[in-house]
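Reading through the C-alpha coordinates given below for one structure.
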Amino acid sequence: MARYSNDSIEIHTTAESGGAVAIGGITTFSESLNSDISTPDTATPYDRFQSIMMQRPEVGFSTEAIATVLDNVGFTGKCIVSDGTHPGVMFYQRKHDPCGPQGRASGSNHKKITFAEGHLFIDSLNVPSGGNATIALTAHGVSAADPPVQPYVIAYNAAVPTSPVINEQFTLSRLIQVGGISITQITNLSVAWNVNFEKPQYAGSIWPTLVDIQKIKALITISTDDMSLLNDSGKITRLGKACTHANSFFKIQRREANAGLYSESAEQHIVGTFAGLAVITRQQASGGSAGNLEIQIATLDDGTNNPIVFTTGQALD
Amino acid sequence: MENILKARKVLRSQGRPVNEESLFSEEELEALAALCDDNGEVVAGVREGFLAIIEARNARLEDGKATAE
(Lines give C-alpha, C1' and ligand atoms only; values in the text may rest on other atoms or scores of the structure.)
Protein backbone atom coordinates (compact mmCIF):
# COMPACT_ATOMS: atom_id res chain seq x y z
CA MET A 1 0.00 0.00 0.00
CA ALA A 2 1.30 3.44 -0.87
CA ARG A 3 -0.99 6.13 0.49
CA TYR A 4 0.36 9.40 1.83
CA SER A 5 -0.89 12.51 3.58
CA ASN A 6 0.64 15.97 3.99
CA ASP A 7 3.31 16.25 6.62
CA SER A 8 5.49 19.35 6.35
CA ILE A 9 7.61 21.66 4.24
CA GLU A 10 11.27 22.21 5.03
CA ILE A 11 13.06 25.37 3.91
CA HIS A 12 16.81 24.91 4.01
CA THR A 13 18.46 27.07 1.40
CA THR A 14 21.82 28.79 1.73
CA ALA A 15 19.96 31.66 3.46
CA GLU A 16 18.96 29.41 6.38
CA SER A 17 22.35 29.48 8.04
CA GLY A 18 20.78 28.68 11.39
CA GLY A 19 19.32 25.39 10.18
CA ALA A 20 16.24 24.14 8.41
CA VAL A 21 12.83 25.71 8.98
CA ALA A 22 10.15 23.00 9.10
CA ILE A 23 6.59 24.18 8.53
CA GLY A 24 3.62 22.05 9.52
CA GLY A 25 -0.08 22.90 9.61
CA ILE A 26 -0.26 22.08 5.90
CA THR A 27 -3.84 22.55 4.72
CA THR A 28 -3.44 21.88 0.99
CA PHE A 29 -0.69 20.47 -1.18
CA SER A 30 -0.37 19.90 -4.90
CA GLU A 31 2.50 19.01 -7.18
CA SER A 32 2.71 19.15 -10.92
CA LEU A 33 5.44 18.52 -13.45
CA ASN A 34 3.52 20.50 -16.12
CA SER A 35 4.89 18.39 -18.94
CA ASP A 36 4.36 19.46 -22.53
CA ILE A 37 4.56 16.61 -25.05
CA SER A 38 6.01 17.23 -28.49
CA THR A 39 4.71 15.23 -31.45
CA PRO A 40 5.67 15.67 -35.12
CA ASP A 41 3.00 16.30 -37.70
CA THR A 42 2.06 13.21 -39.67
CA ALA A 43 -0.47 12.36 -42.34
CA THR A 44 -2.17 9.89 -40.05
CA PRO A 45 -4.65 10.85 -37.36
CA TYR A 46 -2.63 9.33 -34.53
CA ASP A 47 0.70 10.50 -33.17
CA ARG A 48 3.58 8.13 -33.88
CA PHE A 49 6.39 9.79 -31.94
CA GLN A 50 6.38 11.59 -28.62
CA SER A 51 8.88 13.32 -26.41
CA ILE A 52 8.81 15.72 -23.47
CA MET A 53 9.36 19.20 -24.85
CA MET A 54 9.17 21.11 -21.60
CA GLN A 55 8.58 20.56 -17.92
CA ARG A 56 7.84 23.32 -15.41
CA PRO A 57 7.73 21.56 -12.06
CA GLU A 58 5.74 23.30 -9.34
CA VAL A 59 4.64 22.48 -5.83
CA GLY A 60 1.86 24.50 -4.26
CA PHE A 61 0.82 24.37 -0.65
CA SER A 62 -0.97 26.32 2.02
CA THR A 63 -0.39 26.38 5.74
CA GLU A 64 -1.72 27.91 8.93
CA ALA A 65 1.83 28.67 10.12
CA ILE A 66 1.68 32.14 8.65
CA ALA A 67 4.09 33.85 11.05
CA THR A 68 6.81 31.33 10.28
CA VAL A 69 6.25 31.78 6.56
CA LEU A 70 6.30 35.59 6.80
CA ASP A 71 9.52 35.44 8.85
CA ASN A 72 11.25 33.23 6.32
CA VAL A 73 9.92 34.17 2.91
CA GLY A 74 10.20 37.74 1.69
CA PHE A 75 7.66 39.77 -0.20
CA THR A 76 9.41 38.95 -3.48
CA GLY A 77 9.66 35.31 -2.45
CA LYS A 78 12.68 33.23 -1.60
CA CYS A 79 15.43 32.20 -3.97
CA ILE A 80 15.96 28.47 -3.66
CA VAL A 81 19.72 28.08 -3.69
CA SER A 82 21.45 24.93 -2.48
CA ASP A 83 24.91 23.62 -1.75
CA GLY A 84 26.40 20.58 -0.06
CA THR A 85 24.86 21.33 3.34
CA HIS A 86 21.77 23.27 2.26
CA PRO A 87 19.57 21.00 0.14
CA GLY A 88 16.93 23.56 -0.90
CA VAL A 89 13.20 23.27 -0.24
CA MET A 90 11.68 19.88 0.59
CA PHE A 91 8.07 18.75 0.66
CA TYR A 92 7.21 15.77 2.84
CA GLN A 93 4.25 13.44 2.78
CA ARG A 94 3.86 10.79 5.44
CA LYS A 95 3.17 7.22 4.39
CA HIS A 96 0.14 5.43 5.75
CA ASP A 97 0.52 2.05 7.41
CA PRO A 98 -2.61 0.73 9.13
CA CYS A 99 -0.44 -1.62 11.18
CA GLY A 100 2.14 1.01 12.13
CA PRO A 101 2.15 3.29 15.18
CA GLN A 102 -0.77 5.73 14.90
CA GLY A 103 -1.57 4.22 11.51
CA ARG A 104 1.54 5.64 9.85
CA ALA A 105 4.83 4.15 8.69
CA SER A 106 7.84 4.83 10.88
CA GLY A 107 11.46 5.55 10.00
CA SER A 108 12.62 6.41 6.50
CA ASN A 109 9.60 5.37 4.50
CA HIS A 110 8.07 8.67 3.55
CA LYS A 111 7.80 10.70 0.38
CA LYS A 112 10.04 13.72 -0.20
CA ILE A 113 10.21 16.10 -3.14
CA THR A 114 13.27 18.34 -3.29
CA PHE A 115 13.73 21.53 -5.27
CA ALA A 116 17.42 22.36 -5.10
CA GLU A 117 17.05 25.40 -7.30
CA GLY A 118 14.18 27.72 -8.07
CA HIS A 119 11.97 30.26 -6.39
CA LEU A 120 9.33 30.10 -3.67
CA PHE A 121 6.58 32.71 -3.95
CA ILE A 122 3.82 33.63 -1.54
CA ASP A 123 0.62 33.62 -3.60
CA SER A 124 -2.01 34.73 -1.13
CA LEU A 125 -3.02 35.21 2.48
CA ASN A 126 -6.60 34.60 3.51
CA VAL A 127 -7.87 35.68 6.92
CA PRO A 128 -11.54 34.97 7.56
CA SER A 129 -13.38 36.44 10.50
CA GLY A 130 -13.69 33.66 13.05
CA GLY A 131 -11.91 31.11 10.86
CA ASN A 132 -8.25 30.27 10.60
CA ALA A 133 -5.84 32.26 8.47
CA THR A 134 -3.97 30.39 5.76
CA ILE A 135 -1.12 31.42 3.52
CA ALA A 136 -0.59 29.84 0.11
CA LEU A 137 2.76 29.47 -1.64
CA THR A 138 4.11 27.93 -4.82
CA ALA A 139 7.64 26.68 -5.42
CA HIS A 140 8.93 26.72 -8.97
CA GLY A 141 11.80 24.39 -9.82
CA VAL A 142 14.47 25.43 -12.32
CA SER A 143 17.81 24.18 -13.52
CA ALA A 144 20.59 26.62 -14.37
CA ALA A 145 23.23 23.90 -14.18
CA ASP A 146 25.46 23.16 -17.16
CA PRO A 147 24.48 20.60 -18.30
CA PRO A 148 20.92 20.95 -16.92
CA VAL A 149 19.74 18.53 -14.25
CA GLN A 150 16.24 17.44 -13.29
CA PRO A 151 15.02 20.10 -10.85
CA TYR A 152 12.36 17.84 -9.34
CA VAL A 153 13.86 15.07 -7.22
CA ILE A 154 11.52 12.58 -5.58
CA ALA A 155 12.32 9.96 -2.96
CA TYR A 156 10.18 7.43 -1.10
CA ASN A 157 12.68 6.56 1.61
CA ALA A 158 12.81 9.81 3.54
CA ALA A 159 12.43 10.50 7.24
CA VAL A 160 10.02 13.35 7.99
CA PRO A 161 11.17 16.41 10.01
CA THR A 162 10.90 15.78 13.74
CA SER A 163 9.51 19.12 14.92
CA PRO A 164 7.66 21.12 12.30
CA VAL A 165 5.85 24.27 13.43
CA ILE A 166 2.33 23.12 14.29
CA ASN A 167 1.37 25.57 17.03
CA GLU A 168 0.45 28.54 14.89
CA GLN A 169 -3.17 29.42 14.21
CA PHE A 170 -4.36 32.93 13.58
CA THR A 171 -7.62 34.70 12.92
CA LEU A 172 -8.75 38.18 12.03
CA SER A 173 -8.54 40.78 14.76
CA ARG A 174 -11.32 43.25 15.36
CA LEU A 175 -9.98 46.37 13.70
CA ILE A 176 -8.68 47.34 10.28
CA GLN A 177 -7.77 50.88 9.36
CA VAL A 178 -7.84 52.09 5.77
CA GLY A 179 -6.53 55.57 5.12
CA GLY A 180 -7.33 56.52 8.71
CA ILE A 181 -10.90 55.12 8.46
CA SER A 182 -11.60 52.45 11.08
CA ILE A 183 -13.44 49.36 9.90
CA THR A 184 -14.76 46.98 12.52
CA GLN A 185 -17.50 44.84 10.97
CA ILE A 186 -15.04 42.79 8.96
CA THR A 187 -16.04 39.46 7.46
CA ASN A 188 -12.88 38.63 5.51
CA LEU A 189 -9.43 39.92 4.64
CA SER A 190 -7.29 38.59 1.85
CA VAL A 191 -4.03 39.58 0.22
CA ALA A 192 -3.17 38.46 -3.29
CA TRP A 193 0.50 38.96 -4.17
CA ASN A 194 -0.22 38.87 -7.94
CA VAL A 195 3.36 38.15 -8.92
CA ASN A 196 3.89 38.32 -12.63
CA PHE A 197 6.98 36.39 -13.66
CA GLU A 198 8.61 34.51 -16.51
CA LYS A 199 10.33 31.15 -16.48
CA PRO A 200 12.51 31.22 -19.60
CA GLN A 201 13.75 27.93 -20.94
CA TYR A 202 17.05 28.29 -22.73
CA ALA A 203 18.59 26.05 -25.36
CA GLY A 204 19.66 22.56 -24.44
CA SER A 205 17.14 22.05 -21.65
CA ILE A 206 13.56 20.95 -21.11
CA TRP A 207 13.36 22.85 -17.80
CA PRO A 208 13.18 26.55 -17.02
CA THR A 209 16.57 28.12 -16.38
CA LEU A 210 15.41 30.83 -14.01
CA VAL A 211 12.43 32.59 -12.49
CA ASP A 212 12.38 36.24 -13.49
CA ILE A 213 10.03 38.60 -11.64
CA GLN A 214 8.30 41.17 -13.85
CA LYS A 215 5.83 42.90 -11.58
CA ILE A 216 4.19 42.47 -8.19
CA LYS A 217 0.82 44.17 -7.88
CA ALA A 218 -0.30 43.09 -4.45
CA LEU A 219 -3.99 43.59 -3.80
CA ILE A 220 -5.70 43.68 -0.41
CA THR A 221 -9.40 42.83 -0.34
CA ILE A 222 -11.55 43.56 2.71
CA SER A 223 -15.15 42.44 3.05
CA THR A 224 -17.43 44.08 5.59
CA ASP A 225 -21.13 44.31 6.27
CA ASP A 226 -20.78 48.00 7.13
CA MET A 227 -22.37 49.42 4.01
CA SER A 228 -21.96 53.03 5.12
CA LEU A 229 -18.29 53.19 4.13
CA LEU A 230 -18.86 54.59 0.64
CA ASN A 231 -19.35 58.18 1.64
CA ASP A 232 -17.69 61.25 0.17
CA SER A 233 -17.99 62.93 3.55
CA GLY A 234 -15.35 61.56 5.86
CA LYS A 235 -15.16 57.95 4.67
CA ILE A 236 -14.03 56.23 1.47
CA THR A 237 -15.04 58.49 -1.38
CA ARG A 238 -16.18 57.45 -4.83
CA LEU A 239 -12.69 58.36 -6.02
CA GLY A 240 -11.04 56.24 -3.37
CA LYS A 241 -8.93 56.90 -0.30
CA ALA A 242 -5.16 57.17 -0.19
CA CYS A 243 -3.53 54.85 2.34
CA THR A 244 -0.15 55.27 3.98
CA HIS A 245 1.79 53.05 6.34
CA ALA A 246 1.07 55.60 9.06
CA ASN A 247 -2.72 55.34 8.82
CA SER A 248 -3.48 51.93 7.32
CA PHE A 249 -3.15 48.53 8.92
CA PHE A 250 -4.72 45.13 9.48
CA LYS A 251 -4.17 42.89 12.47
CA ILE A 252 -4.11 39.12 12.68
CA GLN A 253 -4.58 37.59 16.11
CA ARG A 254 -2.96 34.37 17.27
CA ARG A 255 -4.87 31.55 18.94
CA GLU A 256 -3.55 30.27 22.25
CA ALA A 257 -3.22 26.59 23.12
CA ASN A 258 -5.79 25.35 25.63
CA ALA A 259 -7.39 28.79 25.66
CA GLY A 260 -9.01 31.11 23.14
CA LEU A 261 -7.03 33.95 21.65
CA TYR A 262 -3.82 35.42 23.02
CA SER A 263 -4.58 38.74 24.71
CA GLU A 264 -4.12 41.77 22.52
CA SER A 265 -1.19 42.88 24.68
CA ALA A 266 0.70 39.61 24.08
CA GLU A 267 3.51 39.93 21.54
CA GLN A 268 2.20 37.01 19.50
CA HIS A 269 0.26 38.64 16.71
CA ILE A 270 0.86 39.90 13.19
CA VAL A 271 0.37 43.46 12.00
CA GLY A 272 0.43 44.49 8.38
CA THR A 273 0.76 48.12 7.33
CA PHE A 274 0.31 49.19 3.75
CA ALA A 275 0.29 52.04 1.27
CA GLY A 276 -1.93 52.32 -1.76
CA LEU A 277 -5.30 53.44 -3.04
CA ALA A 278 -8.45 51.99 -1.49
CA VAL A 279 -11.57 51.82 -3.61
CA ILE A 280 -14.95 50.30 -2.98
CA THR A 281 -15.41 47.71 -5.67
CA ARG A 282 -18.72 46.07 -4.92
CA GLN A 283 -21.80 46.27 -2.72
CA GLN A 284 -24.34 43.51 -2.75
CA ALA A 285 -27.18 42.01 -0.77
CA SER A 286 -29.49 39.11 -1.42
CA GLY A 287 -32.93 38.39 -0.08
CA GLY A 288 -33.45 39.58 3.43
CA SER A 289 -29.83 39.11 4.46
CA ALA A 290 -27.55 41.94 5.46
CA GLY A 291 -25.59 43.34 2.56
CA ASN A 292 -21.84 43.18 2.05
CA LEU A 293 -19.33 45.72 0.84
CA GLU A 294 -15.92 44.98 -0.67
CA ILE A 295 -12.92 47.30 -0.47
CA GLN A 296 -9.80 46.70 -2.52
CA ILE A 297 -6.48 48.37 -1.93
CA ALA A 298 -4.09 48.38 -4.85
CA THR A 299 -0.79 48.63 -2.98
CA LEU A 300 1.97 51.11 -3.71
CA ASP A 301 5.71 51.49 -3.18
CA ASP A 302 6.00 54.80 -1.31
CA GLY A 303 9.76 54.96 -1.84
CA THR A 304 10.54 54.07 1.77
CA ASN A 305 8.65 50.94 2.72
CA ASN A 306 7.66 47.79 0.90
CA PRO A 307 4.02 48.06 -0.31
CA ILE A 308 2.92 45.84 2.60
CA VAL A 309 5.08 45.50 5.72
CA PHE A 310 4.28 42.46 7.87
CA THR A 311 5.56 42.41 11.43
CA THR A 312 5.23 39.25 13.49
CA GLY A 313 5.49 38.92 17.27
CA GLN A 314 3.47 42.10 17.79
CA ALA A 315 1.04 43.27 20.43
CA LEU A 316 -2.23 44.58 19.02
CA ASP A 317 -3.01 47.36 21.47
CA MET B 1 19.84 42.90 20.90
CA GLU B 2 18.65 46.41 20.12
CA ASN B 3 20.65 46.36 16.89
CA ILE B 4 19.06 43.06 15.89
CA LEU B 5 15.54 44.34 16.53
CA LYS B 6 16.23 47.46 14.50
CA ALA B 7 17.87 45.44 11.73
CA ARG B 8 14.78 43.23 11.58
CA LYS B 9 12.62 46.33 11.31
CA VAL B 10 14.68 47.49 8.34
CA LEU B 11 14.52 44.07 6.69
CA ARG B 12 10.74 43.97 7.12
CA SER B 13 10.35 47.47 5.74
CA GLN B 14 12.15 46.35 2.60
CA GLY B 15 10.08 43.19 2.19
CA ARG B 16 12.92 40.91 3.25
CA PRO B 17 12.42 37.94 5.58
CA VAL B 18 13.75 38.58 9.08
CA ASN B 19 15.66 35.31 9.11
CA GLU B 20 18.13 36.98 6.73
CA GLU B 21 19.42 38.83 9.78
CA SER B 22 21.65 35.82 10.45
CA LEU B 23 23.50 36.42 7.18
CA PHE B 24 24.81 39.80 8.27
CA SER B 25 27.97 40.55 10.22
CA GLU B 26 27.98 42.60 13.43
CA GLU B 27 29.12 45.66 11.48
CA GLU B 28 26.40 45.19 8.90
CA LEU B 29 23.76 44.76 11.60
CA GLU B 30 24.97 47.99 13.15
CA ALA B 31 24.71 49.75 9.80
CA LEU B 32 21.20 48.37 9.34
CA ALA B 33 20.22 49.46 12.84
CA ALA B 34 21.43 52.97 12.04
CA LEU B 35 18.61 53.17 9.52
CA CYS B 36 16.15 53.32 12.43
CA ASP B 37 15.58 56.26 14.75
CA ASP B 38 15.64 56.11 18.55
CA ASN B 39 12.06 54.87 18.58
CA GLY B 40 12.94 51.98 16.32
CA GLU B 41 11.14 53.40 13.29
CA VAL B 42 12.81 53.40 9.90
CA VAL B 43 14.14 56.77 8.81
CA ALA B 44 13.77 58.55 5.48
CA GLY B 45 16.28 57.16 3.02
CA VAL B 46 16.07 53.66 4.44
CA ARG B 47 15.71 52.21 0.93
CA GLU B 48 18.94 53.80 -0.31
CA GLY B 49 20.77 52.92 2.90
CA PHE B 50 19.68 49.31 2.72
CA LEU B 51 20.73 48.98 -0.92
CA ALA B 52 24.14 50.50 -0.13
CA ILE B 53 24.72 47.92 2.61
CA ILE B 54 23.72 45.08 0.29
CA GLU B 55 25.95 46.40 -2.49
CA ALA B 56 28.91 46.70 -0.16
CA ARG B 57 28.28 43.19 1.09
CA ASN B 58 28.02 41.79 -2.42
CA ALA B 59 31.23 43.54 -3.44
CA ARG B 60 33.05 42.01 -0.48
CA LEU B 61 31.71 38.56 -1.32
CA GLU B 62 32.92 38.91 -4.91
CA ASP B 63 36.34 39.96 -3.65
CA GLY B 64 36.53 36.87 -1.53
CA LYS B 65 36.85 38.95 1.63
CA ALA B 66 33.80 37.39 3.16
CA THR B 67 32.34 33.94 2.90
CA ALA B 68 28.70 33.26 2.21
CA GLU B 69 26.98 30.95 4.65
Side-chain angles (χ1 to χ4, degrees), chain A residues 11-23 66-79 81-86 120-122 135 137 165 191 193 195 213 216 218 245-246 267 270-275 299-314, chain B:
Chain A
I11 301 175
H12 198 185
T13 73
T14 53
E16 278 70 50
S17 58
V21 176
I23 300 167
I66 62 174
T68 299
V69 168
L70 292 171
D71 278 350
N72 288 280
V73 183
F75 205 77
T76 57
K78 171 173 279 293
C79 287
V81 181
S82 62
D83 62 17
T85 53
H86 303 86
L120 178 63
F121 284 119
I122 302 176
I135 193 163
L137 301 93
V165 173
V191 180
W193 263 245
V195 182
I213 298 169
I216 301 178
H245 286 273
E267 293 180 341
I270 300 169
V271 176
T273 64
F274 51 90
T299 59
L300 177 79
D301 180 357
D302 65 3
T304 298
N305 288 293
N306 201 61
I308 305 175
V309 175
F310 290 97
T311 308
T312 58
Q314 290 292 291
Chain B
M1 190 61 190
E2 189 183 351
N3 277 353
I4 289 174
L5 292 176
K6 286 183 174 178
R8 287 179 181 169
K9 184 87 177 181
V10 171
L11 288 169
R12 285 183 168 119
S13 77
Q14 302 309 305
R16 306 303 309 173
V18 290
N19 79 331
E20 286 188 358
E21 153 226 314
S22 64
L23 301 176
F24 292 96
S25 67
E26 287 292 324
E27 293 74 20
E28 288 164 336
L29 286 174
E30 200 168 322
L32 286 169
L35 298 173
C36 284
D37 62 20
D38 291 343
N39 297 321
E41 299 300 323
V42 294
V43 298
V46 60
R47 169 90 31 99
E48 294 76 12
F50 178 72
L51 291 176
I53 293 166
I54 296 298
E55 281 174 19
R57 175 182 175 77
N58 289 344
R60 270 210 327 279
L61 290 171
E62 284 172 11
D63 286 350
K65 292 175 185 170
T67 305
E69 291 288 343

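Quick note on labels: first sequence line is chain A, next is B, and so on, each numbered from 1.
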* For B:Val10, is it the side chain, the backbone, both or neither that has a heavy atom under 4.5 Å from a heavy atom of chain A? ->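 Neither part.
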
* Asked: Under the 3.5 angstrom rule, does the side chain of A:Thr299 hit a backbone N or O of A:Ala218 as a donor-acceptor pair?
  ->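 The answer is yes, because a donor-acceptor pair under 3.5 Å joins these two groups.
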
* To do: Only pairs at least two apart or in different chains count here, so list each salt bridge (charged side-chain N to carboxylate O under 4.0 Å, His left out) that has a residue in residues 3-13 of chain B.
  =>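 As it turns out, the salt bridge (charged side-chain N to carboxylate O under 4.0 Å, His left out) pairs with a partner in residues 3-13 of chain B, which skip direct neighbours, are A:Asp71-B:Arg12, B:Glu2-B:Lys6, B:Arg8-B:Glu21, B:Lys9-B:Glu41.
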
* **For A:Glu16, all residues meeting side chain to side chain donor-acceptor pair (under 3.5 Å), sequence neighbours excluded** =>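 Listed in chain order: A:Thr13, A:Lys78, B:Asn19.
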
* Asked: So what's closer than 4.5 Å to chain B heavy atoms on A:Thr312: side chain, backbone, both or neither?
  ->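 Both the backbone and the side chain of A:Thr312 come within 4.5 Å of chain B.
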
* To do: Indicate the ring-plane relationship of A:His12 and A:His86, choosing parallel, tilted or perpendicular according to the 30° and 60° boundaries.
  =>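 Plane angle over 60°, so perpendicular.
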
* **Between A:Thr85, A:Thr76, A:Val309, the one whose heavy-atom pairs under 4.5 Å with chain B are most numerous** =>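 Sorted descending by pairs with chain B, the first entry is A:Val309.
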
